Every structure is written in C-alpha cells, then in structure tokens.
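Whatever order the structure lists ligands and atoms in, that order sets their numbers, starting from 1. For clarity, every value in this text was computed on a predicted model and none was experimentally measured.
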Amino acid sequence: MSCISCKMCESADKKLESFVASKDVETAFHRTEDQKVKCGFGLQGVCCRLCANGPCRITPKSPRGICGADADTIVARNFLRAVASGAACYLHVVENTARNLKKLGESKGVIKGEKTIDELAQIFEIEANDRHEKCIKVAQKVLDDLYKARDEKMELVEKIAYTPRVKKWKEIGIMPGGAKSEVFDAIVKSSTNLNSDPVDMLINCLNLGISTGLYGLTLTNLLNDVILGEPVIRTAPVGFRVIDKDYINIMITGHQHSTFAHFQDRLKDEEIVNLAKKAGAKGFRLVGCTCVGQDLQLRGEHYQEVFEGHAGNNFTSEAVLSTGAIDMIASEFNCTIPGIEPIADKYKVKMICLDDVAKKVNAEYVPFDRENIELITDRLINEALQSYKSRRGEVEIDIPSDHGHDVSLTGVSEKNLKAFLGDSWKPLINLIAEGKIKGIAAVVGCSNMTAKGHDVFTVELTKELIKRDIIVLSAGCSTGGLENVGLMSPGAEDLAGENLREVCKSLGIPPVLNFGPCLAIGRLEIVATQIANELGIDIPQLPLVLSAPQWLEEQALADGAFGLALGLPLHLALPPFITGGKLVTEILTEKLKDITGGQVIVDSDVISSADTLEKIVIDRREKLGLKE
Ligand code: SF4
Ligand code: FE2
C-alpha cells in the first residue's frame, strides 16, 4: 500500500497521489506510513482502560482483566461504546436539522421541497393549515421522539420503517426508545463493573442502529430535502477542476447541510457577487469536501450559480487546501480532519467553525443560530472577502486542472430514480429477474487510508462487482473516491459485465449510481424497502448486499448496525476491533443471520470479498426462483 519512491500511502486516484507527492506539505498520505505498525490489542478490541486498574490487555496467558472481565465482555463494551458514539453523531445531525426546519416554519422561510413536506406530513399523520405549519409539526414530531425516555418507544419508527422489519424488531425486542436516552444508557451499560453480557450489549447495538438509520440517516435526508430542495439527476464536474482561482473559494466540510442553506442562497445575490467583483474575483464558489460537499453536489440543480461540483472526500481535503486556491474553510461537523489545520495556516486560509462539537483549534467559532441567520451569513461573507484580499498574491496557487472529470452523474435519490425508471420499480425488478442486472450492491461509507490505501479497496471492489453485472449504489465518502476516478462518468459502463453494460447503455447511466453523502444510506434503505414491498418480500430476501469496505469512524459502525438490523449482509475490509472476542465475532458473523438476517463479513481481499457478495446475490436469486 505504499508508494516506494516517496514513502507515501497510495490512492486509487493517481492524479491526487502525484499532486500530494509534489507538494511540500504533510498529509494523511505521509502519516499513514509512520503509523503503519498497529497495536495488536487495539486491533482485536481487547485493550480495556475503563478503570484505574487498567489498562488491561487480554492474552492467552491472561484471559481476564483485573476485575474479571473476559475478552468478549471487553470487546462488547468497546464495540457498544463505539456504536453509541456513532449514533450520537448522527442524532446530533438530525436534531439540528429538525430544529432548523422548525425555525424555517416559524419564520415562514422558503420551503424548497414542497412535495417532501406534504409527504412527511401525510406519513406522520399531521393535520396543518399550510406548509409552514407542517414544517413545524413534522420537525416537532422528530424532536419529540429523540427526547423520549428509554422506556417510551419512538412513534415514528412504525410509520417510516418497513412493516415486516418492524415485526421482526418487535419479536427480538429491539424497538428503540427515545434515541438520546438510548445512547445515554448505552454509555452507562458499557462502563466498568456494570453489564458483562456480550449478547445483551450486541442486541443494544442493533437498537441504536435502528434509531441511527431511521432518524440520523433517512429523516435527515428528507428534512434537508424540504429545506434545500430535492435532488435532481444531472451531470456535474468533479475533482479539483471545480476549484477556480478567479473566484473566492470557500471549502465546506461536515455533514449538516441545512447549516449552509441561507449562506448558499445569499451567495447568488447580485449585491454579494458585486462585493466579490469589487475585491477582484468573479464571485463566490463553494468547494465541496466530505459528505456535506456530496450533499451540495446532489442538490446542485438548485444552486448552479455558486456550486460547480465536489472536489473530494475527507482524505482529499488536505490536498485541496494545498492548491492554495481556497480562501476560507467553513466547517460544521466531522470528517474535518485535524491534518488540515497546519496546511490552512501555511496557506493563510481563514477557518470558521459553525458547530462547537467540531471546533478546530485554529478556527474561529461562529455559533450557528437560525434566529441570527442574516448576521451569520454576513459574517461568513465578510470573512471570506477579507481572507481573499489578504492572501491572494501572498501564496502560490497550483490547481491540477486535469484532476477529476467534467461529466459525472449525480443527484440520484430514491424518488427521482423511481421516476426515471417510469414511476415504478418494475423496470429495475424486471432487469434483475431477467438477469441483466444480477443484483444490487450498496458500496457505502467512508474513505480510509488503511484498506490497501486511500479508496483503493473501494474502487477495486466496485470494479469487481460491476464486472459481475452487479449494479453499485454509492453513498458517503466512498462516493467521492468513486466519482473522482471516473466510475460515474461516460465510459465507466465499459468496465461493467456484458449484461450490465447493455443496461447502462440503453438507460444512459453509469454502472455506479451516486446517492451523495453517507446520510443517503437512508435513501438506499428507502429503495430497498420499496423494492421489497413491490415484491411482497422482506429485505433480507432481496439480492442486495452492503459493503462499507473502507469504514472509518464510529458513525460507520452505527450505520453498519442499521444494516444488520435491516437484515443485510455487511462486508467490511477491515475488522471493527472485535476479533479478540470469539463469541462477539461468532454472533456478528454467523449467529445474527438467524436473528435479523444480517451478517458481518470481514474480508480484506478484493476478489474473495466480491466472490462472497456475488454468492449471496446468486443464493438469494435462486431462493426467489430467478434464473442465473
Ligand atoms: Fe481492567 Fe476491568 Fe478495569 Fe477494564 S474495567 S481496565 S478489564 S480492571
Ligand atoms: Fe459522511
């Protein structure tokens, strides 16, 4: 995984790799090499430092910690804590999004997704006089559920989840209570000398997965659709070519797109563009990085004047700054890696942080508050202008304009994909039934540096799956990697198997469909639910597999727990720090199949991972009576 000539980690994106190698900056590509010797105890999840008797490390000769906790207890506690943290991150996002929607309703702001608010009001069985009242009531319903006590079940779960799944979750006893209380108690449960039952803790992970998935993922997308506009399928440029030195470039990072809604709208206004012109620029441009950039790209149809595309994922952001063309960073959540801080200093880039949960050490904190939105937007515009004026001419600008692609398909959602197919899932189902498409793989989640290098596993696995006529739906930083190497651009269909290639050519689509940010894993859940419903089967019967090959953060583990609760096979190229617990590993990789239908598959080899996923798809086709 290392580039021998320069002692750097490799990327699937060779132009990015050579750009990073050409710059005098330290990035994650360099640090990966320095950190390549891993702690074996940490990797297996058998290091515990929950109390002052520790850290205890489990070995064959010392199978219990000082308190008596065995490997499975320690692994399960560590795993539950990680899933709870990941759930908390997504719940923070949906909580803020719901609050923003509520305030939009109260202030009678512009509703961009009228259809979505009508649908949500209908699903939630809300009566209201107008759409603004619907926004308030829909948002309140979401918030009420988040704030319920642990023994009060969340109301909306039954309204938004697939009925056969709800039935299964009730049978197993994993219907979630108030989401924030559930996170709180998971922390209690996994503290020292409390719960020691690995099975109980793993079941708890599933429950956290459900609230993460349905609220943090699915609902966040839909609330954002109301605030920011529904995605529209279109093509857009991707990669460093979206950065134009003639503009004031603002890099945005995080996951809370609704935070930027007003700012984004305002940048289009003539008086604001004139301010940029007076400073010597052509206007303002938002440069998307990380998932919020993916979400911007997804909804780009509504914001074409200020946004051209997505530059790259989390581990591309250091390189984006090294172009010298970014004038300000506005961040609001995770995947804003600390590595950007010294590079921002070197290139004199102003850093603004809008949410203190993601306060960066050299960023100025501007607390986001929708009530003072005009002031905050003015402040951001002013800071960007000042930064542009003070740094241009002082720093070298070097944008690799051949990086990325001019035409990449984006903007795919559960709604517009169905509409594209003729307002029905039947054409897709027929293609699957005829074997033109063997099955569906959701290749989702993060980008990391350690599964063969930056995006290497994700790209290689995706190529292997499409070669086998399995269509890939993508959401998350993985999408950033896949689009930057051209897998959503014209010509990508030539990498697909004969049957899938034919489908792509006749429909005019690439073999990898871009659903945008990791939050859009919730959109994929809607797709799966609607297709299963159309067929009258449960989700685990679908020829659908899930892979988060290069998972990175605790949030990804909470997403994964949702996938397992849905009953999906979940492939990971790197183990989630559980392998030291024999029972925990056995439950997640085997026994869970009989509980939810889900299963973790850990495989760090691309071909054998694709073999396993293809075999599952073929088995499910057979069970549904579909031809080979
Ligand atoms: Fe060791 Fe037990 Fe304390 Fe963990 S809780 S550090 S295993 S004594
Ligand atoms: Fe993300």
Listed pairs under 3.5 Å, donor-acceptor, residues 551-570 side chains, sequence neighbours left out:
from, atom 1, to, atom 2, distance (Å)
W551, NE1, L574, O, 2.8
E553, OE1, N334, ND2, 3.2
Q555, OE1, N334, ND2, 2.0
D559, OD2, Y90, OH, 3.2

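Proximity of the aromatic rings of H571 and F457 is defined here by a centroid distance below 6.0 angstrom, and this criterion is met. Checked against the 6.0 Å centroid criterion, the rings of F19 and H403 do not qualify as a close aromatic pair.
At the Fe ion (ligand 2), the angle from SG in C291 to NE2 in H255 is 110° when rounded to 10°.
Looking only at atom types and distance, the side chain of H92 has a donor-acceptor partner in the side chain of D355 under 3.5 Å away.
Among T450, T458, N313, the one residue that satisfies the side-chain hydrogen bond (donor to acceptor under 3.5 Å, both in side chains) test with Q550 is T458.
When all heavy atoms of T116 and L222 are compared, the closest pair comes out as CG2-O, 3.5 Å.
Here the side chain of T73 pairs no donor or acceptor atom with the backbone of A69 at under 3.5 angstrom.
For atom 1 (Fe) of ligand 1, protein N, O or S atoms closer than 2.8 Å were enumerated as C56 SG, with waters left out.
Checking C477 against the Fe ion (ligand 2), every N/O/S atom stays at or beyond the 2.8 Å cut-off. Residue contacts to the Fe ion (ligand 2): C446 brings no N, O or S atom closer than 2.8 Å. C335 lies apart from the Fe ion (ligand 2) in this respect, since none of its N, O or S atoms is found at a distance under 2.8 Å.
Each of the atoms 4 (Fe), 5 (S) of ligand 1 lies under 4.0 Å from some heavy atom of R77.
Side chains of P231 and N416 form a contact here, defined as non-hydrogen atoms less than 4.5 Å apart.
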